[in-house]
Amino acid sequence: MSADTDPSLFAAPPMAEQERMVEAMLFASAEPLRVSDLAARMPHGCDPAEALMHLRSRYAGRGVHLVRVGDGWAMRTAPDLGWLLQAERVETRKLSRAAIETLAIIAYHQPVTRAEIEEIRGVAVSRGTIDQLLDMEWIRLGRRRMTPGRPVTFVVTEGFLDHFGLESARDLPGLAELRAAGLLDSRPRPGQVAESDEEDESPRRGQSELFED
Amino acid sequence: MSADTDPSLFAAPPMAEQERMVEAMLFASAEPLRVSDLAARMPHGCDPAEALMHLRSRYAGRGVHLVRVGDGWAMRTAPDLGWLLQAERVETRKLSRAAIETLAIIAYHQPVTRAEIEEIRGVAVSRGTIDQLLDMEWIRLGRRRMTPGRPVTFVVTEGFLDHFGLESARDLPGLAELRAAGLLDSRPRPGQVAESDEEDESPRRGQSELFED
Amino acid sequence: MSAAEFTEDTPSVEERRAAEALIIDVDGFEGPLDLLLTLSRTQKVDLRRISVLQLAEQYLAFVESARRLRIELAADYLVMAAWLAYLKSRLLLPPDPTEDGPSGEDLAAHLAFQLERLAAMREAAARLMARDRKGQDFFARGAPEAVARTRKTQYQANLLDLMQAYARLRTRDEFRPYAFERRDIFALEAALERLGALLPETPDWTALQRFLPEGWRGAPARKRSAMASTFAATLELAKQGQLELRQGDTFAPIHLRRKPGA
């Protein structure tokens with residue numbers, strides 16, 4: 001290879017370097033890459049097809065393989081290790097509003113009884129909500145309250161603290177801090193029904209128009 | 001190896017096989033995995049920490065590296081190949097100067113209260129700035145400071161370490177020099193009574209505590 | 001003191017221009033400390049060897065010229081000016097043995113420390129942002145694999161969600177008295193009672209609006225509530241077989257009458 005003036009005639013990077021490049025591209029890409037895709041991104045004079053062959057043998061027998069997918073190349077878990085990834089598939093869903101509110105009340109007021117949660121929320125707490133939080137192991141039963149009926153109380157778990165990155169439930173910011181951080185909305189105008197406006201995503205204009213003159 | 005009935009009595013797989021397993025799991029996950037995450041999925045008797053060490057040296061100098069992120073481990077492309085991967089770049093939200101400085105102050109002085117951030121910057125920290133950093137999951141609430149008012153503190157997250165390619169907060173650039181120059185000390189304003197940190201069983205040591213183990 | 005360059009006596013054109021540049025840019029400063037840091041750069045020495053006295057004079061001259069140009073300065077700039085004027089006097093006068101409190105030197109040293117610390121944090125922030133960053137310079141697996149046959153639902157919520165939920169609840173709590181303001185609510189029971197009383201005298205089709213009580217036909221909020229309750233009451237009575245309802249077209253006025261024979 002001659003060190004000519006035309007950049008395309010510069011020596012291509014050594015094959016070990018080309019192999020690194022191909023490895024990084026295949027790793028980072030969301031889609032399989034064709035040899036032409038690789039070549040388009042690499043410096044002139046590179047030979048991605050050859051680099052692929054080196055890479056393929058380097059990964060032979062490893063935990064991940066270089067495989068052909070259609071007319072492209074991709075890295076995939078070795079088929080015999082698929083069982084390791086079975087627990088991986090988690091569907092993440094946003095916690096319902098009832099659940100997050102119930103959870104917040106338990107976190108801030110623990111130990112707290114179901115009646116107290118309902119008192120603060122202003123609506124009944126469905127059994128499903130409590131069950132869900134118990135099931136997620138974010139809350140657990142606390143000591144029974146020594147009041148008539150000896151109701152059970154709920155407290156948050158270590159798992160809860162871990163998920164929310166808290167050292168203890170006492171680290172939760174207080175109301176004054178929430179307000180300072182702008183998390184408490186300013187006072188609603190008197191006469192306005194507090195619940196309706198912020199919470200209703202669906203505009204209520206349609207309905208009210210019926211009644212407007 | 002006897003074909004016994006109790007699977008926990010099987011000998012652990014050979015280290016080469018454990019290395020393959022760890023490799024497969026780390027390749028499959030975009031997020032860092034802890035040794036405990038790895039161990040939880042591997043057969044009894046495995047030693048993922050040792051497998052990680054083997055894997056780390058295997059990938060040294062390659063296009064993809066094994067990196068440590070806080071308590072976790074992840075595969076990441078080698079930084080010198082960033083130029084090849086422009087197609088994968090993700091647009092990040094532009095951070096304001098205030099947000100960047102606040103982030104740096106939290107990283108270098110953590111755990112740090114809002115009042116301390118304001119003391120260092122000489123201006124009030126807007127609520128949007130803290131919110132944005134929380135929202136990006138680069139900072140989180142730390143332990144409350146055991147001083148009057150028990151203010152919340154902020155610390156940086158594993159996501160922060162991952163984003164900036166840091167193994168731990170100890171690896172922040174220039175940290176040792178700043179500490180040696182006394183610039184990370186909390187120095188009370190002359191004439192002001194020093195904050196009553198001393199009464200606390202966990203006095204505030206800031207980043208310096210990171211150097212003590 | 002070389003701070004004479006900022007005195008009002010004989011400012012050269014360049015000096016005035018420099019001063020104005022600073023003032024015009026006052027919005028660009030994040031408060032007095034930021035401004036002081038910028039001013040300190042003009043001393044061209046290590047921040048550890050900075051002359052705080054000189055800096056105080058520069059700052060006071062800056063505030064003075066801002067006033068001369070009638071630039072509004074935020075209060076914290078003026079507070080800093082007052083404090084620096086005090087510091088300056090402490091530095092210039094021999095220490096008064098009868099006076100308590102920190103010496104001028106202590107105060108000056110602390111200000112120098114604050115400036116150095118701010119400068120250091122800015123430097124650190126710049127170094128941090130200049131690092132190789134994920135998604136810019138290095139990358140995670142582009143196609144993370146999750147080839148599981150078992151599915152598990154993981155519910156997501158972050159601390160902000162939790163705090164916001166609680167804040168929302170507590171805000172509502174504080175204003176509960178307002179939430180239950182009933183002055184402008186015409187209750188369904190009242191509407192049922194009223195409609196029941198009027199129905200025997202309504203053999204012919206009559207518009208629903210006509211049944212609204214006195215005092216509930218004007219203000220929109222009251223009218224809306226009365227209309228809703230009255231309409232709900234007609235449905236209830238229709239269900240009981242006491243009246244009939246009629247509506248000519250979508251959104252057309254609703255008419256009702258006593259059910260013949262009822």
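So that the names make sense, note that chain A is the first sequence line, chain B the second, and so on, each numbered from 1. Note that this is a predicted model, so its numbers are computed, not measured.
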Engineer: Just how far is it from atom CG of Leu184(B) to atom CZ of Arg117(C), taken to the nearest 0.5 Å?
Structural biologist: 9.5 Å
Engineer: Among Ala124(C), Ser103(C), Pro32(C), who wins on heavy-atom pairs under 4.5 Å with chain B?
Structural biologist: Ala124(C)
Engineer: Mind listing the closest non-hydrogen atom pair of Glu101(B) and Ala125(C) along with its distance?
Structural biologist: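 Of all heavy-atom pairs spanning Glu101(B) and Ala125(C), the closest is CA-CB, 4.3 Å.
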Engineer: At a heavy-atom separation under 4.5 Å, does Ala124(B) approach chain C through its side chain, its backbone, both, or neither?
Structural biologist: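 No part of Ala124(B) comes within 4.5 Å of chain C.
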Engineer: Between the side chain of Gln114(C) and the main-chain N/O of Ile120(B), is any donor-acceptor distance below 3.5 Å?
Structural biologist: no
Engineer: Measure the CG-CG distance between Leu128(C) and Leu166(B) for me, rounded to the nearest 0.5 Å.
Structural biologist: 7.0 Å
Engineer: Under a 4.5 Å heavy-atom cut-off, does chain B meet the side chain of Arg131(C), its backbone, both or neither?
Structural biologist: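 Contact with chain B is through the side chain of Arg131(C) alone.
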Engineer: Considering only heavy atoms and a distance below 4.5 Å, find which of Gly82(B), Ala24(B), Ala104(B), Pro173(B) pairs most often with chain C.
Structural biologist: Pro173(B)
Engineer: Which members of residues 48-66 of chain B, sorted by number, sit under 4.5 angstrom from chain C on a heavy-atom basis?
Structural biologist: none
Engineer: Side chain, backbone, both or neither: which part of Leu178(B) has a heavy atom under 4.5 Å from chain C?
Structural biologist: side chain
Engineer: Among Met129(C), Arg122(C), Met80(C), which residue has the highest count of heavy-atom pairs closer than 4.5 Å to chain B?
Structural biologist: Arg122(C)
Engineer: So Arg141(C) and Leu26(B), side-chain contact (heavy atoms from CB on, under 4.5 Å) or not? Walk me through it.
Structural biologist: CA-CA 9 Å; Arg141(C) 179 85 185 270; Leu26(B) 290 175; over 6 Å; no
Engineer: Shortest non-hydrogen contact from Leu33(C) to Gly122(B)?
Structural biologist: CD2-CA, 3.8 Å
Engineer: Heavy-atom pairs under 4.5 Å with chain C are the metric here; pick the option from Ala181(B), Ala74(B), Ala78(B) that has the most.
Structural biologist: Ala181(B)
Engineer: How far apart are the C-alpha atoms of Met121(C) and His109(B), what are their side-chain angles, what is the distance that settles it, and do they pass the side-chain contact (heavy atoms from CB on, under 4.5 Å) test?
Structural biologist: CA-CA 10 Å; Met121(C) 279 301 111; His109(B) 289 262; 3.6 Å; yes
Engineer: Which heavy atom in Arg121(B) sits nearest to a heavy atom in Leu118(C), and how many Å separate them?
Structural biologist: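 Smallest heavy-atom distance, with atoms named: CA-CD1, 3.9 Å.
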Engineer: Are Asp34(C) and Arg97(B) ion-paired here, with the side-chain N under 4.0 Å from a carboxylate O?
Structural biologist: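 Here Asp34(C) pairs with Arg97(B) in a salt bridge, since their nearest N and O are under 4.0 Å apart.
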Engineer: To check you understand the geometry: which heavy-atom pair defines the closest contact between Glu30(C) and Val123(B), and what is its length?
Structural biologist: O-CG1, 2.8 Å
Engineer: Side chain, backbone, both or neither: which part of Leu134(B) has an atom under 4.5 Å from a heavy atom of chain C?
Structural biologist: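 Only the side chain of Leu134(B) comes within 4.5 Å of chain C.
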Engineer: Let me know if Glu119(B) has heavy atoms under 4.5 Å from chain C in its side chain, its backbone, both or neither.
Structural biologist: both
Engineer: Output, in order, the C-alpha distance, side-chain angles, deciding distance and verdict of side-chain contact (heavy atoms from CB on, under 4.5 Å) for Phe138(C) and Leu81(B).
Structural biologist: CA-CA 8 Å; Phe138(C) 65 89; Leu81(B) 297 174; over 6 Å; no
Engineer: How would you list, in number order, the residues of residues 150-165 of chain B that have a heavy atom less than 4.5 Å from chain C?
Structural biologist: Phe160(B), Asp162(B), His163(B), Phe164(B), Gly165(B)
